[in-house]
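The structure under discussion appears below in the form of structure tokens.
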Amino acid sequence: MSNDRKRIINPYAKEERKRSDGNEKESPSSTDPVMKSNKETRDAGHVGNDQEIIHPENNISAQASALIISASDKAGMEGIDRKRIDAIILRESGNSQYIQSARRRDEKVNGRILQLRQRLKEASPRECEATEELDESLRGYQQRQAIRATCVVVDMDMFYMACELLSRPNLKNKPACVGKEMILTSNYVARRYGVRSAMAGFIGRKLVKELSGDKLKLIQVPSNFDLYKEKSRIVNEVIREYDPHHMKSYSLDEVYLDIGPYLVLFLQHKDYTHEQIREALIIYPAEVMRFLQQQSSMVCLKAADQVVFRLRQHVQKATGGLTCSAGIARTHTIAKIASDKNKPNGQLLVDPVSTLAFVRALSIRKFPGIGRVTEKLLQQVCDIHTGLDLYQKRGLVHFLFQPATAEFLVKASIGCSGEGSSFASFGAETEGSEHQKGISRERSFSPESDWALLNSRLEDIARMLATDMKRKSVVGHTITLKAKLASFDVLTRAQSKKGIYIQNPDELTTIASELFAAIRAQHKNNHNKKCSKDGSSSFSIRLLGIRCSNLIEESSYQAKQKGMIKRFFTVTPLGDNKGSENEQNYMTKENDEVNCTATRKLMFNRYAKNQNGKEVNSADIFSTNSSSTKSAVINVDSPINIKKKIKTDLNTQTEHTVDTYDVQQQQDEEANEEHVSCPLCNRSFLTQNNAKLNAHIDACLNGDTVRQVIREQNCKEVPKSRKRQRLTDFWS
DNA sequence: ATACATACC
DNA sequence: TACTGGTATGTAT
């Protein structure tokens, strides 16, 4: 295990850059303490009850640490005068709303720190020890580790900026960045002045101006995402040749892949050119794992390093000169960390046997998933700063943090985090847990309090989101509205209704508006209570966003919908009240207001009458053979929505009874040849115009039929509104 | 189920 | 002159 323990450090990179961040110092023995007795590490696992690990925030950097973006942890920012930069940032931030909000957030984190310290104080040393059970599971993780380093992360160097530099090479030696109000990325000259991504533009300008003694000015190039997308597409295309099977782009400038299969062909056929390997790779090589295990470790490492070096050259050539950096390791997490080590235009291979030593030497902030806050908590509560600290105090971490968090942290400390995307389970993991959990759109603007204007912005956002959802063919169950006040406080409000999934922009808008109104109401209410004098403080908003989560495939929802509609109508009207288990889900909730079963029976009878007793497959009714009408089906209401409308009708029947059937619409339909009849009212429709049919069914369910059903049910006349009202009006 | 927090680029 | 983004996911209750 120890003979070929060797870390290949960037044998091909042009420049070996000096590092002063202390992460390169010789790491502790890499013999595996998880495997041996953990006696000596146990002692370090508990921070003494009365040990003072509080660092009073007297210096600027500490004060700034959680407040501002002052990462020196970024490539190209080593050895800069961080203190001076932080001081300028703090000063320039002044007392803006933003910085005040950041302070409030930071105070909350400090509160958490105190809370955790208190828990720690009350704990017995015993509780903070690593349990045998924990170490047992860690051994399990380690044993399941991939043996070969085949995971690769390719990260483009200062991507947006580099794209711009292609056409503006003169900016290379001046401090420059992409982005106006918000800096997206900066070049390496600007980074020396502390200018980095996610920094406000005016801060960046001030930094350069001041730190250059007023000699230089930050050049800000507006972003051009079309260009970046195009370059990104080229990069993806190149990288796909190295791993067509699991290559995945994480963002415009980051790609994950596994070169295991490529290595097999590379090693099996030494005479193959890249083109030949690429062709052969389309058929997944069998027994990749076994083959690579049979090769010596050294051979695999060399080959991997060589292949990735070629890949990077390939990318550079194909993009007209964009450089990238890469990490190669046993897991994608380690590869990701490694990709940053020799940036720019470099690569780092972490030998599997050196992985432990590698992660132990890392500052915890380097681990993807440990950000500003977690770093602060770990540092100030547990005195944990490095991967080694994290490992040694794993018992403490388990005691203090939620199980999921603790597991993540401890796995990170032994280099096993994100192991799901390691080669062995890459495919399965990414297929299985790949599905997106949510999708959202949000937009910032200058603080605005005009209600109508805000709502029109909300509608725009809903439309954008609906477009995205349609493109991805997903429908969402939970709708969340997010609003950021002028004070930068963020309020959210969510809603989800059983069995209902949304994609349609109008429905999205409706729900979002309702949620927004609720937020406003609550906010005004709160504010009125606080300021007894006058509650007229305006509700000023600087950001609106909508998010859909609990996503499912559009097609599966369609299938479900069809099934539901069919069941809704085909359940025997004489059956008992219980129905199928599905039906019960949909039917029970509103029994108080409406006798749903009775309603359903009546509607079924109507339906059956119209069909002359012949059973009709609802799928035949609600979809046509046209392939471009996919979306229309979504608009067909689920039973619960129908009931909601019935309920609404009942509640507001006197002034709000709806007749959505449009004369013009009817004429349009009559002018055409091919017709299909509505299952409820028997009116006929174009088969091609699915949207109209669905709109009609919707309207029909809302209007005539339901009204009649209710009338029959209630045995009394429901006054009919003379006024025509469109469906959309009904909803607003 | 939902409000809020954290992280990423 | 102005004056801090957008998207996704996890945690706490």
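Side chains are part of it too, since the values below use all heavy atoms of this structure and drop only hydrogens, waters and symmetry mates. Below, read A as the first sequence line, B as the second, and so on, with proteins coming before strands; counting in each chain starts at 1.
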For [X], answer base if it contacts any base atom (sugar-phosphate contacts may also be present), sugar-phosphate if it contacts only those atoms, and nothing otherwise; contact means non-hydrogen atoms under 4.0 Å.
X        : result
A:Arg441 : sugar-phosphate
A:Gln495 : sugar-phosphate
A:Phe367 : sugar-phosphate
A:Glu254 : sugar-phosphate
A:Thr185 : nothing
A:Thr374 : sugar-phosphate
A:Gln402 : sugar-phosphate

Who are the ring-ring contact (aromatic ring centres under 6.0 Å, His included) partners of A:Tyr160, not counting sequence neighbours?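 For A:Tyr160 the ring-ring contact (aromatic ring centres under 6.0 Å, His included) partners, ignoring immediate neighbours, are A:Phe225, A:Tyr228.
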Under the ring-ring contact (aromatic ring centres under 6.0 Å, His included) test, residues paired with A:Phe399 that sit two or more places apart: none
Residues A:Thr478, A:Asn550; criterion side chain to side chain donor-acceptor pair (under 3.5 Å); working and verdict: CA-CA 6 Å; A:Thr478 303; A:Asn550 288 313; 2.6 Å; yes
A:Arg205, nearest nucleotide to its side chain (from C:dA8, C:dA2, C:dG5): C:dA2
If you check every side-chain atom of A:Thr405, which of C:dG5, C:dA8, C:dT11 has the closest atom? C:dT11
Give the rounded distance in Å between these two atoms: [atom1] of [X] and [atom2] of [N].
X        : N     : atom1 : atom2 : result
A:Leu485 : C:dT4 : CG    : C1'   : 16 Å
A:Arg103 : C:dT4 : CZ    : C1'   : 14 Å
A:Leu90  : C:dT4 : CG    : P     : 16 Å

DNA chain B: A:Lys482 or A:Thr478, which has the more 5' nearest nucleotide?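 In this pair, the answer is A:Thr478.
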5′-ward residue of the pair A:Lys108/A:Tyr250 relative to DNA chain B: A:Lys108
Check: A:Arg117 side chain, A:Gln380 main-chain N or O, donor-acceptor pair, under 3.5 Å: yes
Closest-nucleotide ordering on DNA chain C, the 5'-leading residue of A:Gln115 and A:Ile439: A:Ile439
Residue met sooner reading DNA chain C from 5', once A:Leu184 and A:Gly438 are mapped to nucleotides: A:Leu184
Those residues that, when tested against A:Thr467, pass side-chain hydrogen bond (donor to acceptor under 3.5 Å, both in side chains) (two or more places apart): none
Between C:dT4 and B:dC9, how far apart are the two P atoms, rounded to whole Å?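 The answer is 24 Å between these two P atoms.
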With heavy atoms of chain A within less than 4.0 Å as the criterion, where does contact along DNA chain B begin and end? B:dA1 to B:dC9
Sequence neighbours left out, what pairs pass salt bridge (Lys or Arg N to Asp or Glu O under 4.0 Å) with at least one residue falling in residues 219-231 of chain A? A:Glu230-A:Arg233
Using salt bridge (Lys or Arg N to Asp or Glu O under 4.0 Å) as the criterion, list what pairs up with A:Glu407, not counting sequence neighbours.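 Residues passing salt bridge (Lys or Arg N to Asp or Glu O under 4.0 Å) with A:Glu407: none at all.
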